[in-house]
Amino acid sequence: MAHLTNHDIAEVFSAIADLMEILDEDRFRVQAYRRASDAIRDLPAPLATYRARGELEQIPGVGKAIAEKIGELLDTGELQYYNRLQERVPPSVRALLRVPGVGPRTAGRLYRELGITSLAELKIAAESGRLATLKGFGAKTIEGILQGIRAAERQERRVLLAHALEIAEALLDALRGAAPALRQATYAGSLRRGRPTVGDLDILAAADDALAVVRAFTTLPLVARVESAGDEKASVLLHNGMQADLIAVPPGMWGSALQHFTGSKAHNIRFRELAQAQGLSFSEHGFRRADGTLLTCATEEEVYATVGLPWIPPELREDEGEFEAARAGALPRLVELSDIRADLHMHSAWSDGHADIRTMAEAARARGYSHIAITDHSAYVGLTHGLDAERLRAQRQEIAALNAAYAARGVPFRILHGVEVDITPEGNLALPDDVLAELDIVVASAHIQLRQSPEAATDRLIRAVRNPHVDIIGHPTGRMLGSRESAPVDIDALARAAVEHRVLLEINSGPHRLDLDGPAVRRALELGATITINSDAHHPDNLAWMRLGVITARRGWAAAAQVANTWSYDVFQEWLSRR
DNA sequence: GCCGTTTTCGGCCCGACTGTTTTCAGTCG
């Protein structure tokens, strides 16, 4: 029996929530399954590990009943409770929920009253007039459903964080140009929380005349279709296929609206419960007191202060311990892009990069860095232009000359000579130790045969950690967003080995990688590991990817001191020399 | 089904927008 991944198990609980909702079961039980599903999806380690340690019920949202169900799924690959639900509603009915405008009540009626179990059947029913026989289904509803089916069939894809940031910033620029009354505007939602992929864009605007901003938004040239528009909210489809939602509020409500619109849903529910405990009802408009009066907040700081908490950075707002930390005064001072002084993983034209070393170095200097490491690929199967011992020595001379020129001009900038050496499937390195010993810094990464068992994938990296010349493990899990799952690396074991051997774990900032991810970073830091955030740039422009890595580190609760490339050159040199 | 700075039982976030309605349910975020 193939073992179930966290993702598989999260899917089961998500399906249970959908089916229960279609069956009109208790909405709080539905919410409980949904919350557990989300929590499981974000875990840094396999559920089997949590169970082995007896820690399943410490996962927020997982209690006795769901812990037992996780155990059953891990042991048998099945869940009797889920099987029984499927006898009452075919799981394919869930597909109807993907149609915008069709929720659980509608899906349930479509199934019970017309026997519809798929998008194709729904389309036929809508076109044939059969849908119109249902009470409450007028012409507009049916047209909406037909449009919704087309949207669902366009297999809505999540967009990479980097791409979403670009689109959001373009949208904000356009809105600023079109709405002169606009006082303030920003993106919110999962984009502001820095999730690695983003489903839709949430835009918040402040203006005295909110309606004028809504009108300007819905008539932007970027907008292909208006889904809905009211006095203060609008939802549109952009020409590029992304959905964008706008909330426009008076400037005095900016804080509450931004908090509301940033989410996450779980964070907001928890926050509103805290407000309730103090007799306050919180919404995007502010705090409603028991006597009906409204307390508005122009800043998020005021929003959190009202319930006695410090401001919580958006990247932490997942209801995964941030409230407890905030109450205890234990929120970390998160690393910021301006803390970054170095980039320790990048390529030049010596291997597969697109620029020479000097160009990369000058681009790094322009970003204000004090040092970089040039880490071209080692020669290894499947990699073109990888460097062998001889070419590495030639490269060393070029770097020495560049450093000498900087020193002669009194420029406080250094280039470290490194390599990105391949880790073979067995955990050996693709260059001999005596060659690695000549380098200033060694990044070790796995590139091929990433589909291994959890034991093999973990052992492979730990063997590399134990090599005394290895300083950094590059993109540890090898994931490629949208195309390749993370290798099943045991983060705890890797982090413990990294701590013991004083090896840095990388957050690779490549838009498709963001590897390690936030939850893994958080776990590694808890175990005492130190990380490094690197661009893996192959072009000077790619150095800007650092921003994405910093966001990912923040999602992992990283403080600047825990990130080795925030250290000065001297401190880092000292660290290297003590290894 | 989960959970506890009032609770181990009795709660569980909140409001805008839409369509088809004469007063509101469903959906969405």
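Nothing here was measured: the structure is a model prediction, and the numbers come from that model. Reminder, nothing fancy here: chain letters follow the sequence lines and each chain counts from 1.
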Contact class for A:V62 vs. all strands (heavy atom < 4.0 Å): base, sugar-phosphate, or nothing?
sugar-phosphate
Using modelled atom types and a 3.5 Å cut-off, is there a donor and acceptor pairing between side-chain atoms of A:R225 and backbone atoms of A:V236?
no
Identify whether any heavy atom of A:V214 sits under 4.0 Å from a base atom; if not, whether one sits that close to sugar-phosphate; answer base, sugar-phosphate or nothing.
nothing
Can you tell me how far P in B:dT21 sits from the matching atom in B:dC17, rounded to whole Å?
22 Å
Options B:dG1, B:dG29, B:dG19, nucleotide nearest the side-chain atoms of A:K140
B:dG19
Nearest-angstrom distance from the residue atom CG of A:L134 to P of B:dA25
19 Å
Donor-acceptor pair, A:T552 side chain versus A:L548 backbone, under 3.5 Å?
yes
Respond yes when some side-chain nitrogen or oxygen of A:T141 is under 4.0 Å from OP1 or OP2 of B:dT20, and no when none is.
yes
Rounded to whole angstrom units, what separation is found between the CD atom of A:E25 and the P atom of B:dG1?
9 Å
Once you round to the nearest 0.5 Å, how far does CZ of A:R34 lie from CZ of A:F13?
13.5 Å
Paired with A:R547, the salt bridge (Lys or Arg N to Asp or Glu O under 4.0 Å) test is passed by just one of A:E169, A:E336, A:E166, namely A:E169
If you measure from the C1' atom in B:dG15 to the same atom in B:dG10, how many Å do you get, rounded?
25 Å
Base, sugar-phosphate, or nothing for A:A139, non-hydrogen atoms under 4.0 angstrom?
sugar-phosphate
Donor-acceptor pair, side chain of A:R479 and main chain of A:R513, under 3.5 angstrom
yes
Euclidean distance for C1', B:dC9 against B:dC14 (whole angstrom)
25 Å
Atom-pair distance (CD on A:Q243; P on B:dC28), nearest Å
10 Å
Could you tell me whether A:H260 and A:F282 have their ring centroids closer than 6.0 angstrom?
no
Pairwise P distance, B:dG29 and B:dT22 [rounded to whole Å]:
27 Å
Using a cut-off of 4.0 Å on non-hydrogen atoms, how would the nucleic acid contact of A:A229 be classed: base, sugar-phosphate, or nothing?
sugar-phosphate
Spacing of the P atoms in B:dC12 and B:dT6 (rounded, Å)
15 Å
Want to settle it: does A:Y33 or A:D200 sit nearer the 5' end of DNA chain B, counting the closest nucleotide to each?
A:Y33
Lys/Arg N to Asp/Glu carboxylate O, A:D231 vs A:R215, below 4.0 Å:
no
Given the P atoms of B:dG4 and B:dC13, what is the spacing between them in whole Å?
14 Å
Please report the distance, rounded to the nearest Å, between CZ in A:R98 and P in B:dC28.
13 Å
Watson-Crick or G-U wobble partner for B:dG11, using a 3.5 Å limit on both distances?
B:dC2
Out of curiosity, A:E121 CD to A:S92 OG, how far, rounded to the nearest 0.5 Å?
7.5 Å
A:L56 CG - B:dC2 P separation (whole Å):
11 Å
Using heavy atoms and a sub-4.0 Å distance, could you list which residues of residues 100-110 of chain A are near DNA chain B? By number, please.
A:P100, A:G101, A:V102, A:G103, A:P104, A:R105, A:T106
Atom CZ of A:F323 and atom P of B:dT5: how far apart are they, to the nearest Å?
13 Å
Can you check the distance between B:dC2 and B:dT7, where both ends of the measurement are the C1' atom (answer in whole Å)?
14 Å
Span that lies between the C1' atom of B:dG19 and that of B:dG11, in whole angstrom:
33 Å
Counting any heavy atom closer than 4.0 Å, what does A:K69 reach on the DNA or RNA strands: base, sugar-phosphate only, or nothing?
sugar-phosphate
So, are A:R35 and A:D38 salt-bridged, with charged N and O less than 4.0 Å apart?
no
Roughly how many Å is it from CZ in A:F137 to P in B:dT21, rounded to a whole number?
12 Å
Donor-acceptor pair, distance only, cut-off 3.5 Å: does the side chain of A:T49 make one with the backbone of A:A45?
no
Distance, rounded to the nearest Å, where A:D18 contributes CG and B:dT27 contributes C1':
14 Å
Relative to each other, are the rings of A:H267 and A:F323 parallel, tilted or perpendicular (30° and 60° limits)?
parallel
Is A:R35 touching bases, backbone alone, or none of the nucleic acid, heavy atoms closer than 4.0 Å?
nothing
Per-nt protein contacts along nucleotides 9-16 of chain B (heavy atom under 4.0 Å; B base, S backbone sugar-phosphate only, - none) come out as ---BBBSS
Nearest-nucleotide comparison on DNA chain B, the residue closer to the 5′ end among A:G136 and A:I59
A:I59
